[in-house]
2 protein chains.
Amino acid sequence: MNDRTADENVPAGAESRPTLKTIAFMTGLGVTTVSRALKNAPDISADTKRRVQLVAKQVGYRPNRAGVRLRTGKTNVISLLLNTDEQLMGFISDIIYGVSRALRGTPYHIILTPYSGRDDPMDAVRYVVETQSADGIIISRTEPQDARVLYMLEHKFPFATHGRTDLGNAHPWHDFDNEVFAQLAVRRLARNGRKHLALLAPEPKLSYYRHMTDGFADGIAECGLTEIPFHNCWVDEPIDRIRDAAIELFKRPNRPDGVVCGSGASAMAVVNALEMCGMSLGKEIDVVTKQSTPLVQMFRPGLYVVEEDFRLAGRELANAVLGQIEGRPVSDLHSLSVPELVRDPTFAPADPPHKGG
Amino acid sequence: MNDRTADENVPAGAESRPTLKTIAFMTGLGVTTVSRALKNAPDISADTKRRVQLVAKQVGYRPNRAGVRLRTGKTNVISLLLNTDEQLMGFISDIIYGVSRALRGTPYHIILTPYSGRDDPMDAVRYVVETQSADGIIISRTEPQDARVLYMLEHKFPFATHGRTDLGNAHPWHDFDNEVFAQLAVRRLARNGRKHLALLAPEPKLSYYRHMTDGFADGIAECGLTEIPFHNCWVDEPIDRIRDAAIELFKRPNRPDGVVCGSGASAMAVVNALEMCGMSLGKEIDVVTKQSTPLVQMFRPGLYVVEEDFRLAGRELANAVLGQIEGRPVSDLHSLSVPELVRDPTFAPADPPHKGG
DNA sequence: GTCTAAATCTGTATCGTTACAGCTACAGTT
DNA sequence: AACTGTAGCTGTAACGATACAGATTTAGAC
């Protein structure tokens, strides 16, 4: 299938994809010169560069990725590590789009490296690092002492995390400020006169569990409220599981009159549950949640929502890894999204601006 | 960063990744022999093969993808073409998971090739085909006379489509039977005594527009109902746009008493709209929709839903491309998902089994 | 006129793999 | 003894790109 007939080093007909050799032949220059001219090397005359670049453009030259990769080790690939077990993965597509948006116009491709929760998540990272199948990695579901992060730091492999770690700014990251989110949420409920609040938090091993519970606790203390524990259930669990757990919660004698939900989908399950228990939103209870699509707000007019923009997260993460690959200082490669409470467009009365607590 | 110090051809310390050369050195064989032994070539003795394979396993040998790709042209990559403009892309992540599931255990990687609706979708296909950046392509949003399909057929490039084309079985595809879906939906509404039905269909240029409208029309005729036109709006549009269009619809004097929605998210918008118009689900009107997560059913207990499994679609699509790459006959590479009406778990009375019309 | 330096260009080796065309050794045939 | 066949192994040359160490030309210095 390979190995042509008898062309020695003279590209004959307009056959397959042009290579450096093609351009070298057309311009009468050496392959090396062409290579260097195309990357604007200083030891090539401006004239030659123009000529080579013109011809390259004309014939539609594109460097062969395998060739570059073999010779230089540069893959021009960013790997997105995905846990394929998560139930409510809608937002992953938004991250993907954000990443691809940031990578548009660069030579980078996005490759997906999925892992199942049954596997060790480390395997996926190790695979990419060991086989050098990418120049950088983006991970999510970050943990405070994330083994993947330690591994990549140790191997000096470029990466960015969605969510922070206990290592602070030692590596690039993007995060949504879940502490502020939870605090805003509690304040909103307090303003509605709610006293007994429950929090549907993420899985405790994840970094943002701490952020969210801290913000929640602060809000509770600040407003003089009490917390109703809701600790047998997390936002990433299957939707029916959450609903069932919420039904349990609402059947307890000390049921909450306000709930803060860490994700849009889980909020839907919670609302579903409370209605099945004969309560109704805005009456016996209020719910505040995050949303990443307007769907959540449409679910029930009485829901209070805070927008979390995952496309933005994707863009930030991509730029962060690229930044590290390019060797920019790590201190430039962090970003934190600050949440804002969105007024319910159809139901809730407008809040007076800038009045907290 | 490359070009080691002075090892000639003797791999010295336990440095970087083992290559064929490493194994050749360790076994005392030639590089060619090692290569052939690892792929079970017939001209290598069984003894040698065992020995080589053992050593390869011991040192954790993995072929260098760039080397293979450069020499053979085989990329071991499947490219997933994505339109990044779509609004409700939740299901894309399910397709991705399905694909990655099917590719687990194979040497294939998934690479994403996004395109914006503003670009020509052909550009993305052409890019992959011309630069040979993948061994196969999966596309969605298939059209009856899809230019991408014609192009890939012409270039004999392996691919599979999510949705069918007018070319019938000339290429691998997977599809959900939207005709049956619409027909089931209409029958369900007819059984509830609904007479005036509207259909929220996909964008007319897409293949499944025809399927869905045909099924709908058949159902209407079969049950002796009338169609209320709802043609200024499609399922892929922004969620608020759909809601506004639905509000228009419900304000018309001849408003429908039943709606069939081509997607879960659009159904939420429609229900939102009808409630804003003072109607209520199950009373003045019934709605049937597809759902790909249990969320939709949770949205309103009165909704009738049909499950569409996008993970399955992903698996089928991946297997279809792989099949074509392996040269299996195209006739084996088609699959159609048959929809089933799911009874509402909480609200709707159980239907007597096997009673259509 | 010789020498040096700078500016420009080029050949060779190499990354890891595989296709191809041998090569070697030994057994069997005549 | 000479020949053929075959099983089993191997060297060489690519694939396309780039690092590196020259090569060539020209201008300028003395």
Side-chain angles (χ1 to χ4, degrees), chain A residues 1-9 11 15-25 27-52 56 59 61-76 107 130-133, chain B residues 1-9 11 15-25 27-52 56 59 61-76 107 130-133:
Chain A
M1 203 203 274
N2 237 320
D3 292 279
R4 326 189 189 131
T5 42
D7 60 353
E8 250 319 274
N9 42 26
E15 317 167 36
S16 52
R17 214 144 85 81
T19 70
L20 289 181
K21 206 151 117 186
T22 318
I23 300 176
F25 177 72
T27 55
L29 294 163
V31 172
T32 304
T33 312
V34 173
S35 170
R36 312 221 59 203
L38 286 174
K39 32 176 58 66
N40 254 307
D43 62 347
I44 305 291
S45 76
D47 217 44
T48 303
K49 282 186 201 166
R50 266 203 310 280
R51 209 154 61 83
V52 169
V59 301
Y61 170 76
R62 286 166 185 285
N64 180 308
R65 309 187 119 236
V68 176
R69 179 164 167 180
L70 182 57
R71 179 67 241 239
T72 65
K74 180 122 215 261
T75 62
N76 285 311
E130 281 176 8
T131 66
Q132 300 201 74
S133 47
Chain B
M1 202 204 271
N2 235 319
D3 291 279
R4 326 190 189 131
T5 42
D7 61 353
E8 251 317 275
N9 43 25
E15 318 166 37
S16 53
R17 214 144 85 81
T19 70
L20 289 180
K21 206 150 120 185
T22 318
I23 301 176
F25 177 74
T27 55
L29 294 163
V31 172
T32 304
T33 312
V34 173
S35 171
R36 313 222 63 211
L38 287 175
K39 29 176 61 67
N40 255 307
D43 62 348
I44 306 291
S45 76
D47 217 44
T48 304
K49 281 184 199 168
R50 266 202 311 279
R51 209 154 61 84
V52 168
V59 300
Y61 170 75
R62 287 168 184 284
N64 180 308
R65 308 187 119 236
V68 175
R69 181 165 166 180
L70 182 56
R71 179 67 241 235
T72 66
K74 179 125 216 264
T75 62
N76 284 310
E130 280 175 7
T131 66
Q132 302 201 71
S133 48

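Protein chains get the first letters and strands the later ones, always in sequence-line order, with residue 1 at the start of each.
At the heavy-atom level, B/Gly30 lies under 4.0 Å from the strands shown only through sugar-phosphate atoms.
Listed pair A/Thr72 / D/dA17 fails the phosphate criterion, with no side-chain N or O lying under 4.0 Å from OP1 or OP2. Side-chain N/O atoms of B/Thr48 include one lying less than 4.0 angstrom from OP1 or OP2 on D/dC9. Residue B/Thr32 places no side-chain N or O under 4.0 Å from the OP1 or OP2 atom of D/dG11. Distances shorter than 4.0 Å separate some side-chain N or O of B/Lys39 from OP1 or OP2 on C/dT18.
A donor-acceptor pair is defined here as one N or O able to donate and one able to accept, closer than 3.5 Å; such a pair exists between the side chain of B/Arg17 and the backbone of B/Arg62. Side-chain atoms of A/Thr72 come within 3.5 Å of backbone N or O of A/Val68 as a donor-acceptor pair. Counting only distance, with no hydrogens or angles, the side chain of A/Ser35 and the backbone of A/Val31 share no donor-acceptor pair below 3.5 Å. Judged by distance alone, with hydrogens and angles left aside, the side-chain atoms of B/Thr48 form no donor-acceptor pair with the main-chain N or O of B/Ile44 at under 3.5 Å. At distances below 3.5 Å, at least one donor-acceptor pair connects side-chain atoms of B/Lys49 with backbone N or O atoms of B/Ala41.
Residue side chain B/Asp43 reaches the base of D/dC9 through a donor-acceptor N/O pair under 3.5 Å, judged by distance alone. Between the side chain of B/Ser45 and the base of D/dG8, no donor-acceptor pair under 3.5 Å is found. Interface remark: the A/Arg71 side chain does form a donor-acceptor pair with the D/dT18 base, using a distance-only criterion of under 3.5 Å.
If you check C/dC9, C/dT18, D/dC9 against the side chain of B/Val68, the one that comes closest is C/dT18. Residue B/Ile44 places its side chain closer to D/dC9 than to any other of C/dT17, D/dC9, C/dT8.
Between B/Leu70 atom CG and D/dT18 atom P there is a gap of 12 Å when expressed in whole angstrom units. Distance CG (B/Leu20) to P (C/dA19): 12 Å, rounded to an integer number of Å. The CD1 atom of B/Ile23 sits 16 Å away from the P atom of D/dC9 (whole-angstrom rounding). Regarding A/Arg62, its CZ atom lies at a distance of 13 Å from the P atom of D/dA17, rounded to whole Å. The distance between atom CG of B/Asp47 and atom P of D/dA7, rounded to the nearest whole Å, is 16 Å. Atom CG of A/Leu29 and atom P of D/dA23 are 20 Å apart (whole Å). Between A/Lys21 atom NZ and C/dT10 atom P the separation is 16 Å, expressed in whole Å. Counting to the nearest Å, the P atom of D/dG8 and the CG atom of B/Asn40 are 13 Å from each other.
Two residues, B/Thr33 and A/Gly67, neighbour DNA chain D, and the one matched to the more 5' nucleotide by heavy-atom proximity is B/Thr33. Each of B/Arg36 and B/Arg65 lies near DNA chain C, and the nucleotide nearest B/Arg65 is the one positioned closer to the 5' end.
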